[in-house]
Amino acid sequence: MNLIFLGPPGAGKGTQAKRLQDRFGIVQISTGDMLRAEVTAGSKVGLQAKAVMEAGQLVSDEILIRMLGNRIERSDCLTGFILDGFPRTEPQAEALDALLAGRGLKLDAVIELKVDAPALVERIAGRFTCAKCGAGYHDSFNQPKVADTCDVCGGHAFIRRADDKRETVAARLAAYERQTAPILPHYAAAGLLHSVDGMAGMDEVTAEIMAVLDNVPVGVEA
Ligand code: ADP
Ligand code: ADP
Ligand code: ZN
């Protein structure tokens with residue numbers, strides 16, 4: 001099963017993608033995580049991307065398309081993937097179509113998570129993750145069961161993203177509206193777009209996504 005999760009920053013894409021990854025054994029591909037790994041490694045791409053990300057803007061299509069192209073060639077993608085954070089622009093959506101066609105792969109569904117702006121600001125401002133395993137948490141909505149201890153790996157170190165500041169959120173939401181929302185009609189026209197109410201609690205959102213996927217014809221490769 002090959003899926004795209006679309007939605008503004010903080011909508012819950014990563015949270016839900018991780019749940020589906022575990023449930024279906026398909027790999028989550030987060031371009032944000034890949035870029036942050038490049039920044040941490042101090043690579044050439046990381047150096048180019050760092051300031052752009054911290055300003056809440058989008059990194060160039062050229063970098064992203066190359067990065068995703070390399071990632072999708074890895075063998076773990078053959079059993080299915082969830083794209084979390086890609087495509088984010090019209091050129092990226094077109095490049096993805098070509099990449100998939102070239103590999104004989106097709107998309108099964110595009111899930112749009114809809115969340116209003118005030119809720120996004122709250123979700124982003126309270127977000128933190130486990131430094132060791134990447135599990136996601138929230139100050140108000142999703143705290144670790146035992147204080148300062150990761151539910152998944154037992155780790156005690158947590159990180160907050162440099163761009164998860166109230167000051168940067170407006171720029172990120174604007175980038176979504178201006179550059180990413182325009183690709184939704186592309187997938188609607190292909191009959192692939194399913195919109196889900198992302199304002200609900202995490203378990204409800206998962207159930208809604210599962211209900212959508214139950215009705216999607218899967219496994220017929222192009
Ligand atoms: P969010 O949790 O806000 O949806 P991500 O972790 O997906 O954020 O991305 C963080 C940042 O990385 C983005 O604000 C952007 O600067 C950069 N980025 C990630 N994916 C892309 C992409 N497909 N195109 C351009 N920039 C990207
Ligand atoms: P995205 O990947 O779309 O940027 P995340 O999955 O990282 O979003 O979620 C953003 C923050 O909101 C995280 O701290 C997460 O724990 C929290 N969160 C995710 N889904 C929900 C939800 N349905 N209700 C409340 N908080 C949520
Ligand atoms: Zn952990």
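Keep in mind the model is a prediction, meaning the values are calculated, not measured. One-based numbering, in listed order, for ligands and for the atoms of each. Numbers here simply count residues along the sequence, with the first being 1. Computation of the quantities below employed the complete heavy-atom set of this structure, encompassing side-chain atoms and omitting hydrogens, waters and symmetry-equivalent molecules.
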salt_bridge([X], [Y]) N-O dist < 4.0 Å:
| X | Y | answer |
| --- | --- | --- |
| D163 | K165 | no |
| R66 | D61 | no |
| D164 | R172 | yes |
| E112 | K13 | no |
| R71 | D76 | yes |

**OP:** For Y137, take its heavy atoms, then give the atoms of ligand 2 lying under 4.0 Å from any of them.
**Re:** 13 (C), 14 (O), 16 (O)
Subject >> Which of the ligand 2 atoms, numbered from 1, are nearer than 4.0 Å to a heavy atom of F141 >> reply: 25 (C), 26 (N)
**OP:** List the steps and the verdict of side-chain contact (heavy atoms from CB on, under 4.5 Å) for F81 and L105.
**Re:** CA-CA 11 Å; F81 52 78; L105 298 171; 4.1 Å; yes
Run down the list [options] and name the one with the heavy atom closest to [atom].
| atom | options | result |
| --- | --- | --- |
| atom 21 (C) of ligand 2 | R19, Q16, M202 | M202 |
| atom 20 (N) of ligand 1 | V59, T15, T31 | T31 |
| atom 9 (O) of ligand 1 | M67, R88, M53 | R88 |

**OP:** Heavy-atom distances under 4.0 Å are what count here, so tell me which part of A200 touches ligand 2: side chain, backbone, both or neither.
**Re:** backbone
Using a 4.0 Å cut-off to any heavy atom of [X], which atoms of ligand 1 qualify?
| X | answer |
| --- | --- |
| R127 | 2 (O) |
| R36 | 6 (O), 10 (C) |
| Q92 | 22 (C), 23 (N), 24 (N), 25 (C) |

Original post:
Considering only protein heavy atoms, which is closest to atom 8 (O) of ligand 2, and at what distance to one decimal place?
Top reply: G12 N, 3.1 Å
Original post:
Starting from atom 2 (O) of ligand 2, which protein heavy atom do you reach first, and at what distance in Å?
Top reply: G14 N, 2.9 Å
Original post:
Quick one: does G7 get within less than 4.0 Å of ligand 2, heavy atoms only?
Top reply: no
Under 3.5 Å, is there a donor-acceptor pair between the [X] and [Y] side chains?
| X | Y | value |
| --- | --- | --- |
| T180 | R88 | no |
| H194 | N215 | no |
| T168 | E54 | no |

Subject >> H138 side-chain N/O to E122 backbone N/O, donor-acceptor pair under 3.5 Å >> reply: yes
Subject >> Q21 side chain to Q28 backbone, donor-acceptor under 3.5 Å >> reply: yes
**OP:** Have a look at the Zn ion (ligand 3) and estimate, to 10 degrees, the angle subtended by SG (C133) and SG (C150).
**Re:** 110°
Original post:
With the Zn ion (ligand 3) at the apex, how many degrees lie between SG of C153 and SG of C130, rounded to 10 degrees?
Top reply: 100°
Checking contacts here: is it the side chain or the backbone of [X] that comes within 4.0 Å of ligand 1, counting heavy atoms only? Could be both or neither.
| X | value |
| --- | --- |
| R123 | neither |
| Q57 | backbone |
| L35 | side chain |

Subject >> Check against side chain to side chain donor-acceptor pair (under 3.5 Å), T89 and Q179 >> reply: CA-CA 5 Å; T89 65; Q179 291 166 279; over 6 Å; no
Original post:
Is there any N or O on V52 that sits under 3.5 Å from an N or O of ligand 1?
Top reply: no
**OP:** Before signing off on this row, confirm whether R172 and ligand 1 have an N or O atom pair separated by under 3.5 Å.
**Re:** yes
**OP:** Using distance alone, decide if ligand 2 has a nitrogen or oxygen within less than 3.5 Å of any nitrogen or oxygen in P9.
**Re:** no
Original post:
Any N or O of G10 that comes nearer than 3.5 Å to an N or O of ligand 2?
Top reply: yes
**OP:** Evaluate the side-chain contact (heavy atoms from CB on, under 4.5 Å) criterion for residues V59 and L35: first the C-alpha distance (whole Å), next the side-chain angles of each, then the deciding distance (0.1 Å), finally the verdict.
**Re:** CA-CA 9 Å; V59 177; L35 286 168; 4.0 Å; yes
Subject >> Within-shell test, K13 vs ligand 1, heavy atom, strictly < 4.0 Å >> reply: yes
